[in-house]
Amino acid sequence: MCIYCGSLERHRLLWLYLTKRTNLFDAQPKNVLHVAPEPCFEPIFRRRLGAGYLTADLLDPHVMVKMDITNIQYPDEYFDVILCSHVLEHVPDDRKAIREFWRTLKPTGWAILLVPIMAETTFEDPTIVEPKERLIAFGQEDHVRKYGRDYIDRLREAGFTVSVTTVTDMVPDHEAALRMGLTAESGEIYYCTR
């Protein structure tokens, strides 16, 4: 974790991707949905994205809109950009949430839907409800599944076209990546389009 901004490795990789490979900050008006906004990003995004920037969460009282991502109260094809990082592993019906992201994304828009990949194959068991049991099964007391490499299949099932980017794709020089605080533990970027 950065002692200055509080960013983790995954945040630094996402920032690098957003600034180098997307049009997020091209000064064109956009409707941007940011689910469970990270404190290291939110102030910057508010400042740079303006009136079209919307923060949402089911439980956080500091967001702009209280939102259940399995039932997004916005019309079809409303958002230009959807950012959702490390949320879906908390959502019992993640497939419904992913379909809602697809429904509300404009045909010309894009989404980055990140989850921790912790296995080869996704493991979930809705009968595991006790926090201690979830910690053992899923790695955290409030997770409802442990995602595997087949996560991309869930995104594609909803209709998304997905490209995956790793740290090495962004920064091929290992020493440069280390200077940026990026390793394989930074995760992967799942860039989704309709």
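None of the values given here were measured: they were computed from a predicted structure. For the single chain, residues carry numbers from 1 onward in sequence order.
L24 is not listed as a side-chain neighbour of D26, based on a closest heavy-atom distance of 4.5 Å or more. Here the side chains of H11 and F41 are in contact, with some heavy-atom distance below 4.5 Å. Between Y147 and L88 the shortest side-chain heavy-atom distance falls below 4.5 Å. Counting heavy atoms from C-beta on, the side chains of T161 and R156 never come closer than 4.5 Å. Residues M67 and I72 form a side-chain contact, since some pair of their non-hydrogen atoms from C-beta on lies under 4.5 Å apart. Side-chain atoms of L54 and V65, non-hydrogen and from C-beta on, do get closer than 4.5 Å to each other. The side-chain heavy atoms of H90 and R145, taken from C-beta on, include no pair separated by under 4.5 Å. T122 places none of its side-chain heavy atoms less than 4.5 Å from the side chain of K146.
To the nearest 0.5 Å, the span separating CH2 on W102 from CG on D76 amounts to 8.5 Å. To the nearest 0.5 angstrom, D150 atom CG is 6.0 Å from D153 atom CG. Note: D93 CG to N71 CG = 11.5 Å, rounded to the nearest 0.5 Å. Separation of atoms CD (E42) and CG (L49) is listed at 11.5 Å; rounding is to 0.5 Å. One finds the CE atom of M180 at 11.0 Å from the CZ atom of R12 (value rounded to the nearest 0.5 Å). The distance from atom CG of L114 to atom CG of L14, rounded to the nearest 0.5 Å, is 6.0 Å.
Of all non-hydrogen atoms in A158 and I98, the two that sit nearest each other are CB-CG2, 3.4 Å. Of all the heavy atoms in G181 and S186, the pair that sits closest is O-OG, 4.4 Å. V87 approaches A36 most closely through the heavy-atom pair CG2-CB, 3.6 Å. The two residues P37 and A56 come nearest to each other via the heavy atoms CD-O, 3.9 Å. Between K30 and D80, the shortest heavy-atom contact is CA-OD2, 3.3 Å. L105 approaches C192 most closely through the heavy-atom pair CD2-O, 4.3 Å.
For F101 and F160, the gap between ring centers reaches or exceeds 6.0 Å. A centroid separation of 6.0 Å or more is found between the aromatic rings of W110 and Y190.
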- Query: Given E188 and R149, is the salt bridge (Lys or Arg N to Asp or Glu O under 4.0 Å) satisfied, shown in steps?
  - Reply: CA-CA 11 Å; E188 299 171 331; R149 301 234 159 264; 3.3 Å; yes
Take E100 and T70, measure what side chain to side chain donor-acceptor pair (under 3.5 Å) needs, and give me the verdict at the end. CA-CA 6 Å; E100 278 291 278; T70 64; over 6 Å; no
Query raised in the report: For L58 and I69, what are the C-alpha separation, side-chain angles and deciding distance, and is it a side chain to side chain contact (heavy atoms under 4.5 Å, CB included)?
Result: CA-CA 8 Å; L58 187 59; I69 60 173; over 6 Å; no
- prompt: Can you check salt bridge (Lys or Arg N to Asp or Glu O under 4.0 Å) on E130 and R134, steps first, answer last?
  reply: CA-CA 6 Å; E130 292 299 319; R134 285 183 172 174; over 6 Å; no
Using atom types as modelled, flag every donor-acceptor pair under 3.5 Å from a side chain in residues 167-174 to any protein atom, sequence neighbours excluded.
{"unit_1": "D169", "atom_1": "OD2", "unit_2": "T166", "atom_2": "N", "d": "2.9"}
{"unit_1": "D169", "atom_1": "OD2", "unit_2": "T166", "atom_2": "OG1", "d": "3.1"}
{"unit_1": "D173", "atom_1": "OD1", "unit_2": "E175", "atom_2": "N", "d": "3.0"}

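There is a side-chain donor-acceptor pair under 3.5 Å between T183 and E9. Between the side chains of D142 and Q140, a donor-acceptor pair is found at a separation under 3.5 Å.
Aromatic ring orientation, F123 versus F138: tilted (interplanar angle from 30° to 60°).
In summary, E77 and R194 engage in a salt bridge, as defined by a charged side-chain N under 4.0 Å from a carboxylate O. A salt bridge links E124 with R154: the distance from a Lys NZ or Arg NE/NH1/NH2 to an Asp or Glu carboxylate oxygen falls below 4.0 Å. Using a cutoff of 4.0 Å between basic side-chain nitrogens and carboxylate oxygens, K132 and E141 are not scored as salt-bridged.
Tracing side-chain contacts under 4.5 Å through hydrophobic residues (I, L, V, M, F, W, Y), one reaches Y78 starting from L83; they form part of the same cluster. Put simply, L182 and Y191 are part of the same group of oily side chains (I, L, V, M, F, W, Y) that touch within less than 4.5 Å, one to the next. Clustering ILVMFWY residues whenever any of their side-chain heavy atoms sit less than 4.5 angstrom apart, transitively, puts V164 in the very cluster that holds L18. Under the 4.5 Å side-chain heavy-atom criterion for ILVMFWY residues, no single connected hydrophobic cluster contains both Y74 and V63. Residue V144 is not grouped with residue Y151 when hydrophobic side chains (ILVMFWY) are merged at heavy-atom distances under 4.5 angstrom, including chains of intermediate members.
Cation-pi geometry between R48 and F25 is met: the NZ or CZ atom falls under 6.0 Å from the ring centre, inside 45° of the normal.
A donor-acceptor pair under 3.5 Å is formed between the side chain of T55 and the backbone N or O of M64. With T19 contributing its side chain and W15 its backbone, the two residues share a donor-acceptor pair below 3.5 Å.
Test T165, V81, I189 against I112 for side-chain contact (heavy atoms from CB on, under 4.5 Å) and you get one pass: I189.
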